[in-house]
Trainee: 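What follows is a single structure, and I will ask about it in a moment.
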Amino acid sequence: MNQASHQNIPPVFIVSSGRAGTTLLRGILNGSNQIHIPPESDFITRIYPFYHNKQQFSDEDYKKIVKLFINTSEDNGWEMTEDYLLTCFKDQAPQTFTDINTTIYNAYLKHVGLDSQQWGIKRPVLIAGIDRIIRTFPEAKIVHVVRDGRDVALSYKEIHQKSVVKFGPKGVVTNSLYWIDGLRRIQDINVNELDIYELRYEDLLSDPAAELKKLCAFLKIDYDKFVTDESKATTSQNKNLKTNSKLFIRKISEIKQTNTKKYLTKMSQFERFIYELIAAPYLTKYHYPIEFKVVTSPLLFPLRNLVYVGARLFNNWRYHRRDIETYNK
């Protein structure tokens, strides 16, 4: 269990449709000295179908779960060894899926010497399993980061062109549908009745202090405790970490206010039109400008909805296949 100093801070999950500034936000929140978000993991949503109803876990279950966690988390399970995690399971003896997750996340905080802080989890693809998160941790706070989908598409395009490790959708059409499907999954949940906070990336860039203060109120953390310079940064006593003392902390002053609307110069007019043709309702919903007014015609709504439903069915099949492949590795 978390220590009393932060017992009133609920765990937090950061989700998005990708390339939306979740890594930046994670680094800033890690500078709060109250919440710590490890490297990325989608363990909770990938493993959910196989263990969420289980009420009794054996030593063999623990061994399988540890391997699954390492396979679904960055840095080979956040640089925690199998032996260390199995020892934590033996000590805590978790017997529900919620407790399984809590044991792992608290084990990491202990591993890096931050067990007085609350844990958080960040991975954009978690947006596809947000219902699983809510069922597992109904008390959790969920932060949904939204970025103009046209800039998101450009960011994915750059990954496919320049990065050694390539991931994410290719092309304007697949990018727009992937972006929309994530937003629709949030839309399917009654945000007003649950602890889901929607943060526009562009708003965070334009007025970081104001946006973070509102976010802090939602997360129940103290804005005044955030890192403003290196001398106040939290450090880890575990000197064997590859990340050493940095712990993925970002200062608020590192935010670049100009990292927006790149699509105006880097996307062709045709690409912008196609994107808006598909995504206009959701660009409008999140207050992004529309360049081509014809795409707002009500006549396009029925066709769009058919395309959206098709994209959802395809993504559900893809995620289901991924979950099974992960479990069977």
Trainee: To the closest 0.5 Å, what do you measure between NZ (K266) and OG (S155)?
Mentor: 10.0 Å
Trainee: Any chain of hydrophobic side-chain contacts (each under 4.5 Å) joining V146 to L25?
Mentor: no
Trainee: Take D99 and T96 through the side chain to side chain donor-acceptor pair (under 3.5 Å) test and state the conclusion after the steps.
Mentor: CA-CA 5 Å; D99 290 342; T96 68; 3.2 Å; yes
Trainee: Is there side-chain contact between L29 and I37, with at least one heavy-atom pair below 4.5 Å?
Mentor: yes
Trainee: Can you tell whether the side chains of K54 and D61 come within less than 4.0 Å, N to carboxylate O?
Mentor: yes
Trainee: Side-chain contact, heavy-atom cut-off 4.5 Å: F226 with I221?
Mentor: yes
Trainee: If you count heavy atoms of other groups shown closer than 6.0 angstrom to NZ of K110, is the number above 12?
Mentor: no
Trainee: Are I186 and Y308 connected in a single hydrophobic cluster, I mean Ile/Leu/Val/Met/Phe/Trp/Tyr linked by side-chain heavy atoms less than 4.5 Å apart?
Mentor: no
Trainee: Is atom NZ of K166 surrounded by more than 12 heavy atoms (other residues, nucleotides or ligands) closer than 6.0 Å?
Mentor: yes
Trainee: Quick one: does E271's side chain have a donor or acceptor within less than 3.5 Å of a partner on S268's backbone?
Mentor: yes
Trainee: Short question: side chain of E202, backbone of R147 - any donor-acceptor pair under 3.5 Å?
Mentor: no
Trainee: Sub-3.5 Å donor-acceptor pair from the side chain of R272 to the main-chain atoms of E291, do we have one?
Mentor: no
Trainee: Residues in side-chain contact (heavy atoms from CB on, under 4.5 Å) with K64, at least two apart?
Mentor: Y51, L68, Y327
Trainee: Looking at E325 and R322, is any side-chain nitrogen of the basic one under 4.0 Å from a carboxylate oxygen of the acidic one?
Mentor: no
Trainee: Does the S73 side chain pair with the main chain of I70, one donor and one acceptor, at a distance under 3.5 Å?
Mentor: no
Trainee: I'd like to check R150 versus K261 (side-chain heavy atoms, cut-off strictly below 4.5 Å). Are they in contact?
Mentor: no
Trainee: Below 30° counts as parallel, above 60° as perpendicular, anything between as tilted: where do the rings of Y105 and W78 land?
Mentor: tilted
Trainee: Is it the case that one hydrophobic cluster holds both W119 and L126, taking links as side-chain heavy atoms less than 4.5 Å apart, direct or via other members?
Mentor: yes
Trainee: To the nearest 0.5 Å, how far apart are NE2 in H287 and CG in D203?
Mentor: 9.0 Å
Trainee: Would you call E40 and R26 a salt bridge, using N to O less than 4.0 angstrom?
Mentor: no
Trainee: Could you walk me through whether Y286 and D148 pass the side chain to side chain donor-acceptor pair (under 3.5 Å) test, one step at a time?
Mentor: CA-CA 8 Å; Y286 286 95; D148 190 315; over 6 Å; no
Trainee: Give a yes-or-no answer on whether the side chains of Y108 and E79 include a donor-acceptor pair shorter than 3.5 Å.
Mentor: no
Trainee: Report yes if the side chains of E74 and S41 come closer than 4.5 Å at any heavy-atom pair, otherwise no.
Mentor: no
Trainee: Under 4.5 Å between any side-chain heavy atoms of K220 and P10, yes or no?
Mentor: yes
Trainee: Evaluate the ring planes of F273 and F292, with Trp represented by its six-membered ring, and classify them as parallel (under 30°), tilted (30 to 60°) or perpendicular (over 60°).
Mentor: perpendicular
Trainee: Just to verify, which of R46, R318, R132 counts as forming a salt bridge (charged side-chain N to carboxylate O under 4.0 Å, His left out) with D323?
Mentor: R132
Trainee: For the pair Y156 and F167, evaluate side-chain contact (heavy atoms from CB on, under 4.5 Å) and give the outcome as yes or no after the intermediate values.
Mentor: CA-CA 8 Å; Y156 276 123; F167 61 89; 4.0 Å; yes
Trainee: Using a 3.5 Å distance criterion without hydrogens, assess whether the side chain of K293 forms a donor-acceptor pair with backbone atoms of I290.
Mentor: yes
Trainee: Taking A107's backbone N and O only, do any of them form a donor-acceptor pair with H111's side chain (distance below 3.5 Å, no angle check)?
Mentor: no
Trainee: Hydrogens and angles aside, do Q187 and K285 bring a side-chain donor and acceptor to less than 3.5 Å of each other?
Mentor: yes
Trainee: Would you confirm whether D151, through its side chain, and T260, through its main-chain N or O, come within 3.5 Å as a donor-acceptor pair?
Mentor: no
Trainee: How many angstroms lie between CG in L204 and CG in L212, if you round to the nearest 0.5 Å?
Mentor: 5.5 Å
Trainee: Is it true that, when you exclude H320 itself, more than 12 heavy atoms of the residues, nucleotides or ligands shown sit nearer than 6.0 Å to its NE2?
Mentor: no
Trainee: Among Ile, Leu, Val, Met, Phe, Trp and Tyr joined by side-chain contacts under 4.5 Å, find the other residues sharing a cluster with F314 and list them by chain and number.
Mentor: W317
Trainee: With a sphere of 6.0 Å drawn around CD of Q269, does it hold more than 12 non-hydrogen atoms of other residues, nucleotides or ligands?
Mentor: no
Trainee: With the side chain counted from C-beta on, respond yes when N315 and R185 share a heavy-atom pair under 4.5 Å apart, and no when they do not.
Mentor: yes
Trainee: Tell me whether the rings of F97 and Y48 are parallel (<30°), tilted (30 to 60°) or perpendicular (>60°).
Mentor: perpendicular
Trainee: May I ask you to decide whether R312 forms a salt bridge with D181, counting only side-chain N to carboxylate O separations under 4.0 Å?
Mentor: yes
Trainee: Could you tell me whether H144 and Y197 have their ring centroids closer than 6.0 angstrom?
Mentor: no
Trainee: Are more than 12 heavy atoms from other residues, nucleotides or ligands located less than 6.0 Å from atom CG of D59?
Mentor: no
Trainee: Are V307 and V295 linked, directly or through intermediate hydrophobic residues, by side-chain heavy-atom contacts shorter than 4.5 Å (ILVMFWY only)?
Mentor: yes
Trainee: Are L183 and I278 in one and the same hydrophobic cluster, where Ile, Leu, Val, Met, Phe, Trp and Tyr link if side-chain heavy atoms are under 4.5 Å apart?
Mentor: yes
Trainee: Should side-chain heavy atoms under 4.5 Å link Ile, Leu, Val, Met, Phe, Trp and Tyr, which residues sit in the same cluster as V309?
Mentor: L313
Trainee: Verify, without hydrogens or angle tests, whether S297 (side chain) and V294 (backbone) share a donor-acceptor contact under 3.5 angstrom.
Mentor: no
